[in-house]
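Order of the sequence lines fixes the chain letters, A, B, ..., with proteins taken first and strands second; residue numbering starts at 1 for each chain. The shown structure was predicted, so the numbers you read here are calculated from the model rather than taken from an experiment.
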Protein chains: 2
Amino acid sequence: MLNAYQIGETLREYSYKMTLQRKAILDIILQNRDKHLSAEEIIEKAKKKNPRIGASTVYRTIRLFEKIGVIQQVFLNDGIMRYHMINPDEKREHHHLICKVCGDVMDVKEDIFEIFEDQIFRKNGFTVTDHRVKIYGICKKCSEEIEYV
Amino acid sequence: MLNAYQIGETLREYSYKMTLQRKAILDIILQNRDKHLSAEEIIEKAKKKNPRIGASTVYRTIRLFEKIGVIQQVFLNDGIMRYHMINPDEKREHHHLICKVCGDVMDVKEDIFEIFEDQIFRKNGFTVTDHRVKIYGICKKCSEEIEYV
DNA sequence: CATGGTATGGAAAACGAGTTTCATTTTCAT
DNA sequence: ATGAAAATGAAACTCGTTTTCCATACCATG
């Protein structure tokens with residue numbers, strides 16, 4: 001997983017400047033590696049660090065970090081784009097467990113579905129290059145809470 | 001799979017009226033059972049049938065047909081909602097093969113991923129209720145065309 | 001250490017898919 | 001045929017996101 005220094009280097013490679021605002025947004029992203037923040041959540045956290053940061057700067061920086069491969073979009077089908085740090089070691093998309101109770105999003109690291117690609121090719125003549133899986137249900141924490149009610 | 005008559009009956013059950021506009025939109029949906037139309041595409045086709053049909057009516061009718069279980073949303077992660085007829089015989093979501101060359105969307109009927117739900121529960125304590133799978137790649141037609149170039 | 005050109009920032013306007021409002025028209029049970 | 005209720009189309013409005021505008025900051029040069 002990338003660290004702040006490596007991301008600074010990547011910016012410099014592309015001749016983008018490391019500004020205070022970008023640093024603040026980068027810190028937010030790094031401090032929330034395991035989360036799937038929306039632009040609005042990033043703006044809120046950024047304004048806490050520095051009230052002089054504008055929403056357009058946050059959106060621009062999000063797109064910049066997308067372009068240089070630091071973060072990527074995650075669609076959870078609620079009309080809001082979320083963002084997630086890219087792990088350059090992963091060759092393929094990972095998948096998401098989405099809790100219907102608390103809304104928490106967890107990653108499924110292992111690609112448990114890879115073995116089906118051959119089956120899909122044989123049945124449909126469709127050559128698979130990638131797949132994205134969203135698994136809905138109830139997370140551990142929420143199902144424990146439900147038990148004790 | 002539902003036919004025009006059954007859908008008309010369903011409308012009547014809920015005391016919704018069958019208007020010319022709703023009939024036109026219904027016909028478009030029935031004539032494109034195998035497609036995954038966006039609202040914009042439905043509006044375009046509806047205007048061809050009857051130029052006096054308004055976009056808001058199409059959006060309203062789409063939501064109406066969703067409510068009474070005629071169509072359902074399909075998210076393809078491009079920010080545009082698409083719609084697909086519901087087959088009442090299917091108990092669970094089916095999945096989608098999306099061709100990266102021609103953009104065509106095909107359904108995967110069999111639920112090939114069901115056996116993994118237990119595995120996800122054991123590993124993550126996450127109780128799966130549903131999952132949506134999007135498989136990207138190159139469809140049969142497109143890969144044949146590529147071969148002959 | 002000026003100079004000028006490029007990059008950056010924030011505010012506000014624009015965008016676009018989708019929704020709502022409201023005055024008018026259509027439907028359908030009577 | 002009639003009138004209450006429902007449906008319609010045009011236009012206004014959301015709301016997340018993007019772009020524009022222009023002033024300011026940066027940085028490699030003369």
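- In this structure, the ring of A:His131 has its center no less than 6.0 angstrom from the ring center of B:His95.
- Taking every side-chain heavy atom of A:Lys17 into account, C:dA7 is the closest of D:dT17, C:dA7, D:dG9.
- The nearest whole Å value for the distance from the CD1 atom in A:Ile62 to the P atom in D:dT18 is 8 Å.
- With C:dT21, C:dG18, C:dG10 as the candidates, the nucleotide lying closest to the side chain of A:Arg52 is C:dG10.
- Distance B:Tyr16 OH to C:dA29 P: 16 Å, rounded to the nearest Å.
- Atoms CD (A:Glu41) and P (D:dG16) sit 12 Å apart, rounded to a whole Å.
- Contact annotation: B:Thr19 does not reach the phosphate of C:dT26 (side-chain N/O to OP1 or OP2, under 4.0 Å).
- In this structure the side chain of A:Leu2 reaches within 4.5 angstrom of the side chain of A:Met85, judged on heavy atoms.
- Proximity of B:Gln21 to the phosphate of C:dT26: no side-chain N or O atom is located under 4.0 Å from OP1 or OP2.
- One interatomic measurement links the two molecules: CG of B:Leu64 to C1' of C:dT19, which rounds to 15 Å at whole-angstrom precision.
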### Query
Taking it one step at a time, do B:Lys100 and B:Asp104 satisfy salt bridge (Lys or Arg N to Asp or Glu O under 4.0 Å)?
CA-CA 8 Å; B:Lys100 283 183 166 175; B:Asp104 204 20; over 6 Å; no
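- If you check every strand for non-hydrogen atoms under 4.0 Å, A:Ala55 touches nothing.
- As rounded to whole Å, 12 Å separates atom C1' of D:dG9 from atom CD1 of B:Ile25.
- Nearest nucleotide to the side chain of B:Arg60, out of C:dC22, D:dT19, C:dG9: C:dC22.
- Here A:Arg22 lies in heavy-atom contact (under 4.0 Å) with sugar-phosphate atoms only.
- Checking A:Lys47 against B:Gly79, the closest nucleotide of DNA chain C that is more toward the 5' end is the one next to A:Lys47.
- Between the side chain of B:Ser56 and the base of D:dA10 there is at least one donor-acceptor pair of N/O atoms closer than 3.5 Å.
- Counting heavy atoms from C-beta outward, B:Val128 and B:Phe126 have side chains that approach closer than 4.5 Å.
- With distances taken from any side-chain atom of A:Ile80 to the nucleotides C:dG10, D:dT19, D:dT17, the minimum falls on D:dT17.
- Cation-pi geometry between A:Arg132 and B:Tyr136 is satisfied (NZ or CZ under 6.0 Å from the ring centre, within 45° of the ring normal).
- Checking each of A:Lys47, A:Arg22, A:Lys48 against A:Ile53 for a side chain to side chain contact (heavy atoms under 4.5 Å, CB included) leaves exactly one that passes, namely A:Lys47.
- Taking side-chain N and O atoms only, A:Tyr59 has a distance below 4.0 Å to OP1 or OP2 of D:dT17.
- If you measure from atom NZ of B:Lys67 to atom C1' of C:dT19, you get 14 Å, rounded to the nearest angstrom.
- In this model, the phosphate group of C:dG18 is not approached by any side-chain N or O of B:Arg63 to a distance below 4.0 Å at OP1 or OP2.
- Comparing B:Arg82 and B:Leu20 by the nucleotide of DNA chain C whose heavy atom lies nearest to each, the residue mapping closer to the 5' end is B:Arg82.
- Put simply, CD1 on B:Ile43 is 12 Å from C1' on C:dG16, counting in whole angstrom units.
- Protein atom CZ of B:Phe65 is 11 Å distant from nucleotide atom P of D:dA7, rounded to whole Å.
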